[in-house]
Undergrad: 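Quick one: the structure is below, questions incoming.
Any value given below was found using the heavy atoms of this structure, including those in side chains, with hydrogens, waters and symmetry copies removed.
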Amino acid sequence: MIAEVSLLDPELDAGREVPDEEVDRLLVGAVDLHQHPGPSPFPRRMSILDAARDAAGAGFRAIVAKSHHHSMVTDILALRSAGLADLPIEVVGGIALNRTVGGLNPYAVELALRMGGRVVWFPTLSSAAHVKHHEGHDSGFPTSVVELRPQPPLSILGESGAVLPEVRDILSVIAAEDAVLTCGHLGVTESQRLIDAGLEAGVQRIVVNHPCFVVGASVEQAAAWARQGVYIEHCAVMYFGRPERRRDLGELLTFIKAVGPGQTVISSDSGQKNNPLPVTLYRRAVRALLDAGVTEAETRQLVGTNAGQLLLG
């Protein structure tokens, strides 16, 4: 259950080939809601097909291919005849509402979802919180190898503080298609307003992405969102990626305890050129969670059951 030799990196994926039957068993049925394969203006280690083969080899049930710049739905459809359809795994796409797709664009959302997409990320690169977070320091976030114009911040709120009409239009499309709404890289205030508006619109599947990165949400805020029915996603690359950038595992465990395993999702958020492969990160995450006292049943919820319910029902 390992990647093709050409895909593995001896340094980034160190330990990947060490047998661990307990971990491998728990990864069967895993669902990764947040992978970053190519094509992308950002440097990537893997293509969509590479990512699907690697995850399928580990027994994953599904992966979601995400781009900050374009909808990957059509890329996935085009690859079906190139071997993707023959793999025993669901590969799903969506759309991130940054400037490169027209921003808060209900037309683009409708197209992506009606062609098979399942996830809508509100602004990531184009959010005010993202722009502020990345000003003046090395955050480790990738930079484009394609020359692109700067993206002025997008807000879901108008000058009066009300949720914009186009946001409500997008939410109505998400609700009608029973798709997954994620808050992207919006800050706490905008995330709360989006969640409230989404629930009002009848959206049933809502995720807050990586509360500890860019979003800036406290443990208490994450727990409050969970009480609204929101799932809180944590990214394995933040805790089990390159040693020099790892956050403390205790932080992750504190969030899981406060929010509850039933409302928490572990995703990889990987695929970048200088990060371990998603499956590598999942193997490290499962072993660390088990060693920290998280039960097998809870771990399965974190890496598979919850994300599967969100994505596939």
Side-chain angles (χ1 to χ4, degrees), residues 1-4 7-8 12-13 15-37 45-66 72 76 84 87-94 118-119 180 182 205 207 209-210 231-241 249 252-253 255-256 259-272 275-292 294-313:
M1 292 188 181
I2 62 172
E4 296 178 6
L7 197 60
L8 288 170
L12 293 175
D13 298 301
R16 170 72 179 271
E17 297 177 273
V18 176
D20 192 330
E21 293 183 5
E22 186 178 26
V23 167
D24 291 339
R25 185 177 68 253
L26 288 173
L27 288 184
V28 174
V31 175
D32 189 352
L33 282 182
H34 193 160
Q35 288 197 4
H36 284 289
R45 282 190 65 186
M46 59 188 192
S47 68
I48 295 170
L49 199 53
D50 289 331
R53 286 172 175 154
D54 195 29
F60 278 50
R61 181 185 177 195
I63 61 172
V64 175
K66 175 184 178 182
M72 280 193 158
I76 292 167
L84 191 62
L87 297 175
I89 189 171
E90 292 281 341
V91 181
V92 181
R118 292 287 299 139
V119 184
V180 181
T182 91
R205 307 166 194 265
V207 178
N209 301 115
H210 45 61
Y231 286 79
I232 308 300
E233 176 207 65
H234 294 277
C235 298
V237 72
M238 293 169 51
Y239 299 95
F240 310 104
L249 178 60
L252 174 60
L253 296 171
F255 270 89
I256 293 172
V259 168
Q263 291 293 126
T264 302
V265 170
I266 302 291
S267 298
S268 72
D269 194 9
S270 191
Q272 301 87 354
N275 280 327
L277 293 169
V279 175
T280 301
L281 291 166
Y282 267 81
R283 294 189 87 244
R284 292 175 183 171
V286 170
R287 173 43 55 204
L289 291 168
L290 293 173
D291 290 347
V294 180
T295 69
E296 286 196 9
E298 290 169 340
T299 301
R300 192 177 292 280
Q301 282 184 296
L302 296 170
V303 301
T305 307
N306 296 338
Q309 289 173 345
L310 277 164
L311 189 66
L312 305 170

Undergrad: Once you round to the nearest 0.5 Å, how far does CG of Asp50 lie from CG of Leu277?
TA: 9.0 Å
Undergrad: Should Leu87 and Leu49 count as side-chain neighbours, where that means a heavy-atom distance under 4.5 Å?
TA: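 A side-chain contact exists here, since the closest heavy-atom pair is under 4.5 Å.
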Undergrad: Of all residues at least two apart in sequence or in a different chain, which pass the side chain to side chain donor-acceptor pair (under 3.5 Å) check with Glu233?
TA: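 Partners of Glu233 under the side chain to side chain donor-acceptor pair (under 3.5 Å) test: His34, Asn209, Ser267.
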Undergrad: Hey, mind stepping through Asn275 and His36 against side-chain contact (heavy atoms from CB on, under 4.5 Å) and telling me if it holds?
TA: CA-CA 11 Å; Asn275 280 327; His36 284 289; over 6 Å; no
Undergrad: Could you pull out all residues at least two apart from Ser270 that satisfy side chain to side chain donor-acceptor pair (under 3.5 Å)?
TA: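 Listed in chain order: nothing, the list is empty.
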Undergrad: State which residues pass side-chain contact (heavy atoms from CB on, under 4.5 Å) with Arg61; sequence neighbours excluded, sorted by chain then number.
TA: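 Arg61 satisfies side-chain contact (heavy atoms from CB on, under 4.5 Å) with Val31, Leu312 only.
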Undergrad: Which pairs of donor and acceptor atoms, one on a side chain in residues 300-310, lie under 3.5 Å apart (sequence neighbours left out)?
TA:
unit_1: Arg300; atom_1: NH1; unit_2: Val28; atom_2: O; d: 3.4
unit_1: Asn306; atom_1: ND2; unit_2: Pro261; atom_2: O; d: 2.6
unit_1: Asn306; atom_1: ND2; unit_2: Thr264; atom_2: O; d: 2.7
unit_1: Asn306; atom_1: ND2; unit_2: Gln301; atom_2: O; d: 3.2

Undergrad: With heavy-atom distances below 4.5 Å as the criterion, would you say the side chains of Met72 and Ile48 are in contact?
TA: yes
Undergrad: Going through the checks in order, is the salt bridge (charged side-chain N to carboxylate O under 4.0 Å, His left out) test met by Asp20 and Arg283?
TA: CA-CA 9 Å; Asp20 192 330; Arg283 294 189 87 244; 5.5 Å; no
Undergrad: With a 4.5 Å heavy-atom cut-off, do Leu311 and Val64 have their side chains touching?
TA: yes
Undergrad: With sequence neighbours excluded, tell me which residues meet ring-ring contact (aromatic ring centres under 6.0 Å, His included) with His234.
TA: Phe255
Undergrad: Closest approach of Gly241 and Arg284, non-hydrogen atoms and distance?
TA: O-NH1, 4.0 Å
Undergrad: For the residue pair Ala55 and Ile89, what are the closest heavy atoms and their distance?
TA: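 Nearest pair, atom of Ala55 first, then Ile89: CB-CD1, 3.6 Å.
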Undergrad: What's the shortest heavy-atom distance between Pro276 and Phe240, and which atoms?
TA: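 Reported closest heavy-atom pair: CG-O, 4.5 Å.
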Undergrad: Any side-chain heavy-atom pair from Glu22 and Leu290 closer than 4.5 angstrom?
TA: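 Yes; the side chains approach each other to less than 4.5 Å.
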Undergrad: Hey, could you give me the CG/CE distance between Leu7 and Met46, rounded to the nearest 0.5 Å?
TA: 8.0 Å
Undergrad: How long is the gap from CG on Asp13 to CG on Leu281, to the nearest 0.5 Å?
TA: 8.0 Å
Undergrad: Can you name the side-chain contact (heavy atoms from CB on, under 4.5 Å) partners of Leu12, sequence neighbours left out?
TA: Asp9, Arg45, Arg242
Undergrad: Look at the side chain of Asp291 and the backbone N and O of Ala288, then say whether any donor-acceptor pair between them is shorter than 3.5 Å.
TA: no
Undergrad: Where is the tightest heavy-atom contact between Ala292 and Leu253, given as atom of each residue plus distance?
TA: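 So the minimum-distance heavy-atom pair works out to CB-CD1, 3.8 Å.
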Undergrad: Is Glu298 reaching over with its side chain to a backbone N or O of Thr295, donor-acceptor style, under 3.5 angstrom?
TA: yes
Undergrad: Working to the nearest 0.5 angstrom, can you tell me the gap between Thr182 OG1 and Leu33 CG?
TA: 9.5 Å
Undergrad: I'd like to check the ring-ring contact (aromatic ring centres under 6.0 Å, His included) partners of Tyr282; sequence neighbours left out, ordered by chain and number.
TA: Phe60
Undergrad: Which heavy-atom pair separates Ala65 from Pro37 by the least distance, and what is that distance?
TA: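 Result for this residue pair: CB-CG, 3.7 Å.
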Undergrad: What residues, two or more places apart in sequence or in another chain, satisfy ring-ring contact (aromatic ring centres under 6.0 Å, His included) together with Tyr239?
TA: none
Undergrad: Measure the CD-CZ distance between Glu296 and Arg25 for me, rounded to the nearest 0.5 Å.
TA: 4.5 Å
